[in-house]
Amino acid sequence: MDHLPNSTEKILPTIAAIIPVYNEEQGIRAVLEIVCQVSAIQDIIVVDDGSMDGSGRAVLRAQESEGRIRLITHPKNRGKGQAVFSGLSNTDAEVIITLDADLRGLKTHHIENLYLPLITDGLDMTIGIFRGGKFYTDFSHWATPWLSGQRCLWKQNLQSICWKAAEGYGLETAITVASLRKNWRCRKIIWKGVSHPPSEAHRGLLGGVVNRSIMY
């Protein structure tokens, strides 16, 4: 944030990052390491959505050295929509950033480029689009950019979506539908060098295919 003019820093709204995690012990460590370097973020809310590995323990270890981190735990997997809703219900921040827990190649400037247009250009939402990372994620974001989980939007906008439609893994589609119906001012932000593993890496071949089918 050192590159921002002082006048911009004074009017910076409160920002929270909500990160759903499911069986991503290594990934969440790497993502938190980067998110914690962004001083403009006041709340870092990780929602452990029924993980069966050490994801929750990894978050608690990170919490020992970073007071902004909070962990919310779902006893069983409820889906990304419910995870984000749990995070949203536990912050008073004005701006919400949603991030996947398995991002690879994430840098602080990717996050800054996501929230700054809301403040400087008066946008309603930004969407992080992968380029130059891995072929499969580049193609996915080219073909179906509305499924990107990397978002930044005003809390009031996120609260206004149809949460029934967002249940399970319909969150990104529900946000996109709301943005079209309400004529939000949106912008795609290119995230060069960022990717994440396919769903099959976390859920196995069958589970990954089923999850992907539900999203599409």
Side-chain angles (χ1 to χ4, degrees), residues 14-38 40-104 106 110-111 114-115 125 127-128 147-175 178 194 196-197 199 201-203 207-208 211 214-215:
T14 51
I15 302 172
I18 300 176
I19 312 171
V21 59
Y22 178 71
N23 292 344
E24 189 52 59
E25 181 177 358
Q26 298 301 321
I28 190 60
R29 289 178 182 173
V31 170
L32 285 176
E33 183 177 347
I34 298 301
V35 175
C36 289
Q37 295 176 36
V38 182
I41 297 176
Q42 283 79 35
D43 286 341
I44 303 171
I45 303 174
V46 182
V47 183
D48 183 358
D49 191 30
S51 295
M52 295 177 286
D53 65 353
S55 295
R57 292 191 297 273
V59 176
L60 290 174
R61 284 193 292 271
Q63 194 178 50
E64 293 174 0
S65 57
E66 177 51 76
R68 291 175 295 168
I69 296 175
R70 285 188 283 155
L71 175 64
I72 298 172
T73 302
H74 289 173
K76 62 179 181 179
N77 185 254
R78 298 172 60 191
K80 188 174 184 178
Q82 287 90 335
V84 170
F85 185 80
S86 292
L88 185 66
S89 302
N90 282 274
T91 181
D92 294 323
E94 301 164 272
V95 171
I96 304 296
I97 298 170
T98 62
L99 298 171
D100 291 338
D102 57 355
L103 295 173
R104 306 292 190 263
L106 181 67
H110 293 127
I111 300 173
L114 207 59
Y115 68 74
M125 180 173 68
I127 306 172
L147 290 180
S148 172
Q150 324 323 312
R151 309 267 179 149
C152 183
L153 63 167
W154 297 95
K155 183 180 182 180
Q156 61 188 17
N157 286 343
L158 184 55
Q159 289 174 320
S160 73
I161 73 170
C162 177
W163 284 97
K164 180 65 176 177
E167 287 182 357
Y169 294 91
L171 177 66
E172 286 80 14
T173 301
I175 294 175
V194 182
H196 57 56
S199 182
H202 308 301
R203 300 174 181 272
N211 182 63
I214 292 171
M215 287 194 299

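The distance from the CG atom of L99 to the CD1 atom of I41 is 7.0 Å, given to the nearest 0.5 Å. Distance check: Q42 CD to T91 OG1 gives 8.5 Å after rounding to the nearest 0.5 Å.
Nearest heavy-atom pair, A83 versus V47, reported as atom, atom and distance to 0.1 Å: O-CG2, 3.3 Å. Heavy-atom minimum distance, C36 versus I44: SG-CD1, 3.9 Å. Counting all heavy atoms, side chain and backbone alike, Y22 lies closest to N77 at CD1-ND2, 3.2 Å. Considering every non-hydrogen atom in both G79 and D49, the closest pair reads N-OD2, 2.8 Å.
For residues 147-171, the salt bridge (Lys or Arg N to Asp or Glu O under 4.0 Å) pairs, not counting sequence neighbours, are K164-E167. Identified under the ring-ring contact (aromatic ring centres under 6.0 Å, His included) test for residues 59-85, with sequence neighbours left out: F85-W163.
Looking at N23, its side chain never comes within 3.5 Å of a backbone N or O of S55 through a donor-acceptor pair.
Ionic pairing of E33 and R29 is not present here: no N-O contact between side-chain nitrogen and carboxylate oxygen is shorter than 4.0 angstrom.
Within 6.0 Å of CZ on R61 lie more than 12 heavy atoms contributed by other residues, nucleotides or ligands.
Counting only heavy atoms from C-beta outward, the side chains of L114 and I97 approach each other to under 4.5 Å.
For H110, the ring pair (Phe, Tyr, Trp, His ring centres under 6.0 Å) test picks out W191, with sequence neighbours left out.
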